[in-house]
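Each remark here refers to the structure printed beneath this line.
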Amino acid sequence: MRGALDDGRPEPQAVKAYCLLRAIFSTAVKEDEIVPKNPCRVKGYDTYHTPERPTATVAQVHALASAVPHRFSALVIVAAFSGLRWGELAALRRCDVDLTAGTVRVPRKLAALRNRMEFGPPKSDAGVRTVTLPAAAVAALRPHLLAHVGSEPEALVFTGEKGAVLRSGNFRRAVKWADAVKAAGIAGDFHFHDLRHTGNTLAAAAGASTRELMHRMGQSSMRAVLIHQHATSERDREIAAGMDRRITGQAGRKAKRKRRGKTGDDGDDGAAGVLARVG
């Protein structure tokens, strides 16, 4: 594993390879009895640290959408506000988009293989889902469908300049990604995938539960979802403001009851004790 890291392999990739090798040896020891013991016993090599990825503000998302060529503006907006993966966005077809309901259906993804592009099912069963879009994403899709998408139901929603399927490398060059990110005022090494992180963080800040986030993200495990549920200063302020409203309201009701106790005011205006003349 150390050799893989020294060669520049990403830590998650190296850890997953190590875990796979350990599982193979475990089978060889316990079930096949081919080797006497498992050599993969290095402590701590089965975990890796996932660094916090940057997110963009809503204003920066719109600025980024304005900085890229017009045919890719809706792609940026939808990526940021839907939480869909690159391959899921690249595989969307006109028939998957329902502007009236404000939803997109995710039945497939587009994967880049060694020598070809291939459509296939999402990463897991949880990846097959229907995601409701915020109004801003629907508003961006409406003119995009008219200007850049064929009328047939199977027409791809997002394509390259010449109508071909999207490739991440070609996309970065076509939109001059680094320049667009800088123009949008986004600091740091901001990747397209960070738009997904942005959208999922917004959903978490809006109060989405873990289960709801798992649905929107197409995740079958909670590990990736919990990354997006970290506290943000804006959400923390909203929580504090909500607490203030409850504290103030309860304190006000308590003071009101105390004043009533001092004056003997039981809420009766005395009308019930007045004798009325009869006849």
Side-chain angles (χ1 to χ4, degrees), residues 56 61-62 64-181 184 190-200 202-203 215-219:
V61 169
H62 285 292
L64 182 59
S66 298
V68 300
H70 183 264
R71 73 175 299 112
F72 300 117
S73 295
L75 174 61
V76 170
I77 295 292
V78 175
F81 298 150
S82 71
L84 268 63
R85 302 175 178 91
W86 167 267
E88 294 169 344
L89 291 162
L92 282 180
R93 302 180 188 274
R94 178 180 277 274
C95 59
D96 298 321
V97 179
D98 187 337
L99 292 179
T100 302
T103 61
V104 290
R105 189 168 54 95
V106 187
R108 70 189 73 80
K109 70 173 181 179
L110 179 63
L113 303 181
R114 185 179 296 274
N115 56 0
R116 69 185 189 280
M117 303 294 289
E118 184 175 282
F119 290 98
K123 290 179 64 176
S124 66
D125 290 343
V128 180
R129 63 203 188 278
T130 297
V131 177
T132 301
L133 300 174
V138 176
L141 275 172
R142 200 177 301 277
H144 175 84
L145 290 172
L146 290 173
H148 303 293
V149 184
S151 59
E152 61 274 17
E154 296 301 310
L156 290 172
V157 174
F158 301 115
T159 58
E161 291 285 357
K162 298 180 180 179
V165 296
L166 280 176
R167 293 174 178 264
S168 58
N170 293 347
F171 169 78
R172 287 180 62 88
R173 289 191 293 271
V175 303
K176 299 180 179 177
W177 181 258
D179 293 339
V181 167
F190 191 84
H191 300 170
F192 185 91
H193 186 75
D194 294 326
L195 291 171
R196 170 172 159 84
H197 182 44
T198 296
N200 293 325
L202 282 171
H215 169 74
R216 289 188 68 85
M217 295 173 63
Q219 291 284 0

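Count residues from 1 along the sequence.
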Do the non-hydrogen side-chain atoms of L99 and L145 ever get within less than 4.5 Å of each other?
-> yes
Option passing side-chain contact (heavy atoms from CB on, under 4.5 Å) with V157 (candidates V104, L166, L92) = L92
Heavy-atom closest contact (P69 atom, A174 atom, distance) = CG-O, 4.0 Å
Return yes if some donor-acceptor pair links the side-chain N/O of R71 with the main-chain N/O of G160 below 3.5 Å, else return no.
-> yes
Is the backbone N or O of F190 less than 3.5 Å from a side-chain atom of W177, with the two atoms forming a donor-acceptor pair by type?
-> yes
Quick one: OG on S82 to CD on E88, what's the gap to the nearest 0.5 Å?
-> 8.5 Å
Assess R93 against F119: is NZ or CZ under 6.0 Å from the centre of the six-membered ring, and within 45 degrees of the ring's axis?
-> yes
For the student: nearest non-hydrogen atoms of I77 and A137, plus distance = CG2-CA, 3.8 Å
Sidechain N-carboxylate O distance under 4.0 Å for D96, R108 = yes
Say you draw a straight line from NE2 of H144 to CG of L75; how long is it, rounded to the nearest 0.5 Å?
-> 7.5 Å
Given the rule in the side chain to side chain donor-acceptor pair (under 3.5 Å) test, do H191 and H197 qualify, once you have shown the distances and angles that lead to the verdict?
-> CA-CA 10 Å; H191 300 170; H197 182 44; over 6 Å; no
Determine, using ring centers only, whether F158 and H148 are less than 6.0 Å apart.
-> no
Report yes or no: does T198 contribute a side-chain atom to a donor-acceptor pair with the main-chain N or O of A80 at less than 3.5 Å?
-> no
Shortest non-hydrogen contact from G218 toward R85 = O-NH2, 3.3 Å
